[in-house]
Protein chains: 2
Amino acid sequence: MTGLSVEIDRSSPVPLYFQVAQHIEREIEEGRLAPGARLDNEIQLADQLGLSRPTMRRAIQELVNKGLLVRKRGVGTQVVHGQIKRPVKLTSLFDDLTRANQRPRTEVLAHDAVAAPDSISVELNLRPGDTVVRLKRLRWAADEPLAIMHNWLPAELCPFSAQRLSELGLYPLLRSSGVNMRVAKQRIGARAATAEEARLLGVKRGAAVLTMTRTAFDDSGDAVEFGDHIYRSDSYSFEVTLVDQP
Amino acid sequence: MTGLSVEIDRSSPVPLYFQVAQHIEREIEEGRLAPGARLDNEIQLADQLGLSRPTMRRAIQELVNKGLLVRKRGVGTQVVHGQIKRPVKLTSLFDDLTRANQRPRTEVLAHDAVAAPDSISVELNLRPGDTVVRLKRLRWAADEPLAIMHNWLPAELCPFSAQRLSELGLYPLLRSSGVNMRVAKQRIGARAATAEEARLLGVKRGAAVLTMTRTAFDDSGDAVEFGDHIYRSDSYSFEVTLVDQP
DNA sequence: GAGTGGTCTAGACCACCGA
DNA sequence: CGGTGGTCTAGACCACTCT
C-alpha cells in the first residue's frame with residue numbers, strides 16, 4: 001500500500017491530472033514505486049492530494065494507457081512488472097537520436113518539386129498531378145549511416161531550404177510553421193536492400209533492412225506527409241507498447 | 001455539420017460511451033460519416049442522445065485515441081482523412097488470420113518443459129532455473145509457411161496438450177484458463193534468415209525476415225509470456241496507428 | 001464576441017473480487 | 001460482506017479559434 005505526497009500547483013497552466021501522472025511516473029522510474037507495488041485506492045489518493053476522484057482517476061488512466069500501471073476491479077492498482085520501455089511516439093527519428101546523444105547528421109540527397117505520382121497522391125489525398133515536394137535524405141548517427149528517408153509533402157507545406165532541413169530535421173520545421181501532426185499510420189516490414197540502398201547504408205547488397213511507411217495527418221484530419229523509410233537492421237528497431245482496455 | 005441518431009440501450013451491460021463510440025465507428029466505416037465531416041459540438045450531441053457531456057466526450061475520446069476522429073479546440077471535431085486502418089491490437093497472429101479467412105494452421109515443432117535460460121528468466125521475472133514451458137510452432141496460412149514462433153511461459157500457466165495448441169492457438173487457450181493479458185511490450189526488427197529458418201519458411205537462406213519479440217503482462221502486472229517470432233517478410237508486416245495527444 | 005473543446009468538481013450507483 | 005474500480009450525472013469555469 002503506497003500513498004502519494006505531491007505539491008500540486010493549482011495556478012499552473014499544466015493540468016492537475018497531468019501533474020499527478022508525471023509525478024507517479026517519476027516515482028516509478030526512479031524506483032520509489034517498485035514493480036508490483038499497490039497504490040492506495042482512488043478515493044484515498046484523491047483526498048491525499050486534495051483532488052476530486054475523476055481527476056485522480058484520469059491521472060491513473062494516463063499511466064495505465066502507457067502500460068506503467070495495471071488496474072483490477074475489486075483489487076486495486078499496481079505497478080506493472082518488467083523494465084519500463086517507452087511507447088513509440090509521434091516523433092521523428094531525429095528527435096530520438098537527439099535524445100540519445102548520437103550526434104545525428106543529415107545529408108540531403110534530393111529536394112525538388114514534382115508532379116505527384118499516383119501512389120503518392122492517393123496517400124496524401126491530392127489530385128493526381130498536384131505538385132508535391134520530394135525529399136530524399138540520408139541519416140547518420142555516431143558517424144554510421146542509419147537510414148534512407150523518402151518524404152513527400154504537399155508543396156505549400158514545405159518552403160524550407162536544404163540548409164535548414166539538414167540542420168533541424170523535417171518535423172521540427174513543420175511544427176514551427178504551424179503544422180501540428182496528430183495521427184500517423186505506419187506499416188513496418190522488412191526486405192532485402194537494393195544495390196543503391198546497400199551502398200548508401202554501408203551494408204552488403206541483399207542485406208536485410210527494416211522498412212517503414214508512414215502517412216501523417218494534422219489536427220484537421222488532412223494528410224500532410226507520406227514517408228517511405230529504410231533502416232539498417234543492425235542498428236535500428238521499433239518498440240511498441242500495447243495496452244488492452246478491458 | 002452532422003448529428004447522430006442512435007438507440008441507446010440503458011439496460012444493456014455495455015457502457016453507454018461504448019455503445020455510442022461503436023455507433024460512430026460504424027458510421028465512419030460504412031461511409032455515412034465521410035472523411036473530413038464535422039460533427040456537432042459535444043453539448044448538442046449529448047442532448048441528441050440524452051446523455052451527459054462527460055459521457056459523450058468519453059465516446060468521442062475513444063475514437064480520437066483510435067485515430068478515427070480529430071479534435072481542435074475552438075473549432076470542432078472532424079473525421080480524419082485517409083483510409084482507415086486498424087491499430088495493432090493485443091491479439092495473436094492466429095486471431096488476425098482467422099478474421100482474414102486465411103485458413104491458418106499450426107504445426108507444433110517442440111513443446112517441452114525446461115529450466116529457464118537466463119535471458120528468459122529475466123524477461124519473465126523468474127528465478128534463474130525455474131521451470132518454463134518452451135514452445136516452438138510453425139504457422140501456416142493459405143498453405144504457405146508464414147512464421148516461426150518461439151514462446152516461453154511459466155510452467156504453471158501452460159498445461160495444454162500439443163493437440164489443443166495446434167487447434168486453438170496459445171492466446172485463446174490462455175484466456176479460457178483465466179489469464180488476462182493487459183500489457184505487451186514489443187520490439188520489431190529485421191535480419192537475415194538462418195539456414196534452418198529459411199528451410200522452415202520456404203525462403204532462400206539469408207533472405208530478409210521480420211522479427212518480433214514480445215513480453216506480455218497480465219492484469220496483476222506479472223509477466224506471463226515471452227515470445228520471439230520470425231515472419232516471412234514477403235507476406236507479413238505490422239501496422240501501427242500513433243496518436244499524439246496535445 | 002460567440003462558439004468550441006479542455007479541465008474540474010462532488011456527488012451517485014453499480015459490478016466485481018476476495019475474505 | 002466490505003472494498004475496489006467502472007460508469008454516469010449536472011453542473012462550472014477556462015483557453016483557444018475564428019470572424
Side-chain angles (χ1 to χ4, degrees), chain A residues 1-3 8-22 37-47 49-65 69-80 178-180 182 218-221 243-246, chain B residues 1-3 8-22 37-47 49-65 69-80 178-180 182 218-221 243-246:
Chain A
M1 281 308 189
T2 315
I8 304 293
D9 180 1
R10 300 193 85 97
S11 70
S12 160
V14 177
L16 304 185
Y17 75 87
F18 195 82
Q19 292 183 36
V20 176
Q22 278 204 318
R38 282 248 321 269
L39 266 61
D40 287 342
N41 70 51
E42 298 173 345
I43 316 266
Q44 287 173 8
L45 288 175
D47 280 349
L49 304 184
L51 298 172
S52 67
R53 186 187 165 202
T55 303
M56 191 63 224
R57 262 186 77 75
R58 178 152 184 197
I60 293 175
Q61 188 61 49
E62 292 275 311
L63 301 178
V64 171
N65 290 340
L69 294 179
V70 173
R71 283 199 281 206
K72 213 174 359 173
R73 170 152 39 177
V75 178
T77 305
Q78 286 181 297
V79 180
V80 73
V179 176
N180 298 307
R182 273 304 141 74
D218 69 5
D219 48 18
S220 299
V243 179
D244 208 22
Q245 306 294 1
Chain B
M1 283 305 189
T2 315
I8 303 291
D9 180 0
R10 300 192 85 96
S11 69
S12 161
V14 177
L16 304 185
Y17 74 88
F18 194 81
Q19 291 183 37
V20 177
Q22 277 203 318
R38 281 249 322 267
L39 267 60
D40 287 342
N41 71 51
E42 299 174 344
I43 317 265
Q44 287 172 7
L45 289 175
D47 280 349
L49 304 183
L51 297 171
S52 67
R53 186 187 165 204
T55 303
M56 191 63 224
R57 260 186 79 74
R58 179 150 182 197
I60 293 174
Q61 188 61 49
E62 292 275 312
L63 300 177
V64 170
N65 289 340
L69 296 178
V70 173
R71 285 197 281 204
K72 212 173 1 173
R73 171 158 30 183
V75 178
T77 305
Q78 287 181 296
V79 180
V80 72
V179 176
N180 299 306
R182 275 302 142 76
D218 69 6
D219 47 18
S220 299
V243 178
D244 209 20
Q245 306 294 1

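A, B, ... follow the sequence lines: proteins, then strands. Residue 1 opens every chain. Because the structure is a prediction, the values reported are computed rather than measured.
- With sequence neighbours excluded, no residue forms a side chain to side chain donor-acceptor pair (under 3.5 Å) with A:Asp47.
- Between B:Asn41 and C:dT4, a side-chain N or O to OP1/OP2 separation shorter than 4.0 Å is present.
- At distances below 3.5 Å, not a single donor-acceptor pair connects side-chain atoms of A:Glu42 with backbone N or O atoms of A:Met56.
- Across the protein-nucleic acid pair, B:Glu42 atom CD and C:dG3 atom C1' stand 12 Å apart, rounded to whole Å.
- Between the CD1 atom of B:Ile60 and the C1' atom of C:dG5 there is a distance of 9 Å, given to the nearest Å.
- In plain terms, the two heavy atoms of B:Arg57 and B:Arg71 that are nearest each other are NH1-NH1, 3.5 Å.
- B:Gln19 places a side-chain N or O within donor-acceptor distance of the main-chain N or O of B:Val14, the cut-off being under 3.5 Å.
- If you measure from atom CG of B:Asp219 to atom C1' of D:dG5, you get 13 Å, rounded to the nearest angstrom.
- Across A:Gly76 and A:Arg38, no two heavy atoms sit closer than the pair CA-NE, 4.5 Å.
- Taking every heavy atom of both residues into account, A:Leu51 and A:Leu16 meet most closely at CD2-CD1, 3.6 Å.
- Contact check, B:Thr77 against C:dT4: no side-chain N or O comes under 4.0 Å of OP1 or OP2.
- The side chain of B:Arg71 places an N or O atom within less than 4.0 Å of a non-bridging phosphate oxygen (OP1 or OP2) of C:dG6.
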- [ ] Using a 4.0 Å heavy-atom cut-off, write out nucleotides 8-16 of chain C from 5' to 3' as B (base contacted by protein), S (sugar-phosphate only) or - (no contact).
- [x] SBB-B--BB
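- Between the C1' atom of C:dT7 and the CD1 atom of A:Ile8 lies a distance of 14 Å, rounded to the nearest Å.
- Between A:Arg38 and B:Lys72, it is A:Arg38 whose nearest contact on DNA chain D lies nearer the 5' terminus.
- The nearest whole Å value for the distance from the CZ atom in B:Arg57 to the C1' atom in C:dG5 is 6 Å.
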